[in-house]
K.L.:
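I have a structure I would like to understand better, so I am pasting it below and will then ask my questions one at a time.
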Amino acid sequence: MDKMLEKFEGSILGLSIGDALGMPTEWFTKEEIAEKYGLIDNFVDPKNKFNGILKAGQYTDDTDQTIAILNSFDVRGFNNDIFIKELIKWYNNNPVGMGPTSTKAIEKLIEGDTTGCDSRTCGSSMRVGPLGLFYFGEYDKLKEITIKATKLTHNNDEAIAGALSIAFFVAESVNNVKSEKSIKRCAKFIEDVSYDFSEKILLINDLNSADEAYELFDTGLPAIECVPSAIATFLRTDTFKDGMISCVNAGGDTDSMGSMYGAIAGAYYGVLNIPELWIAGLQNKDLLVDLSKKLYKLRFKK
Ligand SMILES: [Mg+2]
């Protein structure tokens with residue numbers, strides 16, 4: 001398989017696997033997860049708010065919104081007007097696990113209002129992986145497109161800085177870069193959007209483990225918590241599997257932590273380094289592979 005296609009499939013399947021692995025643990029604390037499930041290292045049926053609604057291997061709004069992003073590319077690249085239509089289509093289809101900001105923001109989009117909501121949550125950070133894949137060599141363009149796609153729902157500096165940070169690290173991973181230097185470069189990339197967020201990103205420098213990151217940043221819904229934690233997990237672990245298990249057992253917003261980590265780590269390690277068991281058990285894996293191939297063909301004109 002072409003190395004780049006391995007990265008595209010790795011990132012998109014990785015995101016969705018993280019979402020599905022983290023779905024049953026969302027909003028439990030680390031201790032509650034240990035008590036209810038032991039260690040999560042494969043898909044399990046949910047014992048949280050998704051009980052009776054979703055089953056082992058099924059994903060949530062993180063993947064749904066990523067699919068909406070993936071459906072919004074044409075030969076010219078990402079198209080925000082198509083994205084608006086895709087978000088509304090998703091909203092009208094009785095989605096599972098839709099966050100409060102996305103709900104409000106899409107209701108505004110239906111009214112023709114594209115100003116989004118002033119919300120610090122990670123609802124855009126979790127979906128921007130494909131933008132990092134497509135615009136991996138063009139950081140100015142990546143920034144412009146990511147800001148526009150984020151503001152439609154999350155018109156807030158911290159939410160935008162979070163989405164930019166995830167898109168940045170996905171782009172670095174496509175370029176095969178996993179380096180301490182990326183921390184500084186990411187902080188520079190976002191500092192004009194949110195200086196506070198760039199300062200948080202720089203703190204990753206001093207951390208020795210993913211667990212230290214969860215202590216320092218926390219793993220909740222605000223982008224300024226879960227985004228630095230997901231990035232630190234990537235930088236402080238050595239395999240796709242180890243980082244993922246760490247994320248989905250951390251407690252808090254585990255499905256988004258898994259999604260953001262999976263988008264970055266999947267792009268770096270490639271689909272061949274994702275455990276086969278996880279790919280085999282994932283809902284709609286064929287659709288996600290097809291969407292990865294479509295994005296790859298558009299990007300490389302193949
Ligand atoms: Mg979710």
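One-based numbering, in listed order, for ligands and for the atoms of each.
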K.L.:
For the residue pair Arg120 / Ser194, report whether a side-chain donor-acceptor contact shorter than 3.5 Å exists.
P.N.:
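No pair is found: no donor N or O on one side chain lies under 3.5 Å from an acceptor on the other.
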K.L.:
Taking the Mg ion (ligand 1) as the center, what protein N, O or S atoms are found at less than 2.8 Å?
P.N.:
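Checking every protein N, O and S atom gives Thr60 OG1, Asp61 OD1, Asp62 OD1, Asp255 OD2.
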K.L.:
Under the side-chain hydrogen bond (donor to acceptor under 3.5 Å, both in side chains) test, which residues partner Asn273, sequence neighbours left out?
P.N.:
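If we apply the side-chain hydrogen bond (donor to acceptor under 3.5 Å, both in side chains) test to Asn273, skipping adjacent residues, there are no hits.
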K.L.:
Give every donor-acceptor pair under 3.5 Å between a side-chain atom in residues 7-17 and any protein atom, sequence neighbours left out.
P.N.:
residue, atom, partner, partner atom, Å
Lys7, NZ, Ser173, O, 2.9
Lys7, NZ, Asn176, OD1, 3.0
Lys7, NZ, Ala267, O, 3.0
Lys7, NZ, Tyr268, O, 3.1
Ser11, OG, Ala263, O, 2.7
Ser16, OG, Thr63, OG1, 3.3

K.L.:
Taking only residues two or more places apart in sequence or in another chain, which ones pass side-chain hydrogen bond (donor to acceptor under 3.5 Å, both in side chains) with Thr60?
P.N.:
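With sequence neighbours excluded, Thr60 shows a side-chain hydrogen bond (donor to acceptor under 3.5 Å, both in side chains) to Asp19, Asp62, Asp255, given in chain and number order.
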K.L.:
Would you please indicate yes or no on a ring centroid separation below 6.0 angstrom for Phe78 and Phe83?
P.N.:
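Ring-ring flag for Phe83/Phe78: true, centres closer than 6.0 Å.
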K.L.:
Please check if any side-chain donor atom of Ser102 sits under 3.5 Å from a side-chain acceptor atom of Tyr91, or the reverse.
P.N.:
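Result is no, nothing qualifies.
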